[in-house]
Amino acid sequence: MHTQHLKHNPNVVRDPTWDSYQSLQCIAKKMQASTYAVKGSIGFGVQKRTQVLKRFDEFGKPSLGLRMTDRTACCGLRLNSIAMEAELTRARLGSNGIFRSSVKPRSLKAQASDDLESVDSLVPQSKSSGTVLPYVGVACLGAILFGYHLGVVNGALEYLAKDLGIAENTVVQGWVVSTLLAGATVGSFTGGALADKFGRTRTFQLDAIPLAIGAFLCATAQSVQTMIIGRLLAGIGIGVTSAIVPLYISEISPTEIRGALGSVNQLFICIGILAALVAGLPLAGNPLWWRTMFGIAIIPSILLALGMAFSPESPRWLFQQGKIPEAEKSIKTLFGKERVAEVMHDLMAAGQGSTEPEARWFDLFSSRYWKVVSVGAALFLFQQLAGINAVVYYSTSVFHRAGIASDVAASALVGAANVIGTAIASSLMDRQGRKSLLMTSFSGMAASMLLLSLSFTWKVLAPYSGTLAVLGTVLYVLSFSLGAGPVPALLLPEIFASRIRAKAVALSLGMHWITNFVIGLYFLSVVNKFGISSVYLGFSTVCLLAVLYIAGNVVETKGRSLEEIERALNPAV
């Protein structure tokens, strides 16, 4: 019956040889890899065809019946409608009989405006066999420098002030500290434009120049003017890294671990701050050691430039520039060759940004993008107004009240809480999700700030005020590092469309640095006028407002590719 069926059906070709099976499997894989190059309506039995190939492996040497019907697609490829029918036979499989499986043709239509579930069914996620971690590690050298330059002046200020003759001039000392923040504000706005124009890796290399020169000038400064110029250049450098480190990591990370890798940025910032603390330990025995502390920062700056010379460029930036072969090569390096078709499909589906002109700064305030841009700016605004810098600033005096006289011990306790909380957040980011961690974090910060405020005012708590103040400080820093610290820098590159991503991240980071600068400038005046307890109560209120804002405006991005998120937030794409 089977032979007669073959004889009377000219459309069915029977090839019982194993070599023919391998050839057909190879052809099927090639057709799968080419699907991302075909735009428009593509009828293709992806899921059913995969089942057929699996049955090949299960049943061993098969007989295959194949019928193909093609129509010319708009791009010249004869792939627009492909129907596959297969019959698999085998004489014996542990018992007498013939096992036969027929697969009906199925058509899947992929359009850029499909919802996320449709896209998921068309292009299933698979685990990466590429190499991402080394390149994330290279990028995190920028995060280490970010934290190191922020923290290095705390221990060194007293000694450099004596050496440069400004020990009695607190105003100039304030300039030495705050110039870094002013430079970081400029750098954060500049970083986005540079990343769009030159690419992510080249921007890292360019950024190593002010980082290294700034560190060198600070280490060799013989005048306060040179020190301030060095701090300004270092500030510009860390401002750029604050924008492009989370941007680069989010764009090269596989979807399933993007949250964990993205939160590593904050972890390495904390490590940088702790490194600056450790670097200051020899100061007591060697007052000139402060020059070495600043000079140490030259080493990771050079390593950052060298490492980026061997790191792959962001495939999403390459795709936007029309450099398709380079994008495929980058995807192969980062995600593995088996995911090139899948990632290219995502980029094609979200490819409207590549056909539009490059976004201008004013485009960020258009009705199309303003809502999502405002969310990014608001998250950093809440992060700074929630009082993290104030808590860190006052941690030493709080610990003194509790009988902890060592400034190093106090700083180490705060730093350890920050690192531990960030490490926990990294492990939870892809399981709990960004939004839930943010809400939990700000809720814990609100409760901790309330505890700090009450420890300063309630007489009934006076016998325990020192202990409660330390407990509140540590809990606050721990809560901050669980979400409010790492999540905004991770979430922003995820929610911004590829066309505006670099500039929108830069704008949000600019909000971060401006707010940081203003709080540093006026914080002591506000404390003197209203008292520290009232200020802490105000911070607690800000944290509660942040919880309400996040609940109503922030979307969950866990488990979604950047292109899926872009299509969900920008339906027109």
Would you indicate whether the side-chain heavy atoms of Phe319 and Glu328 approach each other to under 4.5 Å? no
Kindly say whether the aromatic ring centers of Tyr369 and Trp361 come within a distance under 6.0 Å. no
So, does [X] use its side chain to make a donor-acceptor pair with the main chain of [Y] at under 3.5 Å?
X	Y	answer
Ser441	Ala484	yes
Ser540	Tyr536	no
Lys435	Ala551	yes
Ser426	Ala260	yes
Thr203	Leu194	yes
Asn553	Tyr549	yes
Ser311	Tyr135	no
Arg231	His149	yes
Thr241	Ile238	yes
Ser453	Leu450	no

With a 6.0 Å cut-off (strictly less than), is the heavy-atom count around CZ of Phe216, excluding the residue itself, greater than 12? no
Could you check Glu313 against Thr201 for side-chain hydrogen bond (donor to acceptor under 3.5 Å, both in side chains), going step by step and ending with a plain yes or no? CA-CA 6 Å; Glu313 182 54 81; Thr201 55; 3.0 Å; yes
Side-chain ion pair, Arg200 and Glu251, N-O less than 4.0 Å: yes
Answer yes or no for Arg339 and Phe335: cation-pi contact, defined as NZ/CZ to six-membered ring centre under 6.0 Å and angle to ring axis within 45°. yes
Would you compute the distance between atom CG of Leu150 and atom SG of Cys270 and round it to the nearest 0.5 angstrom? 10.5 Å
Are Gln266 and Thr422 close enough that a side-chain donor and a side-chain acceptor fall under 3.5 Å? no
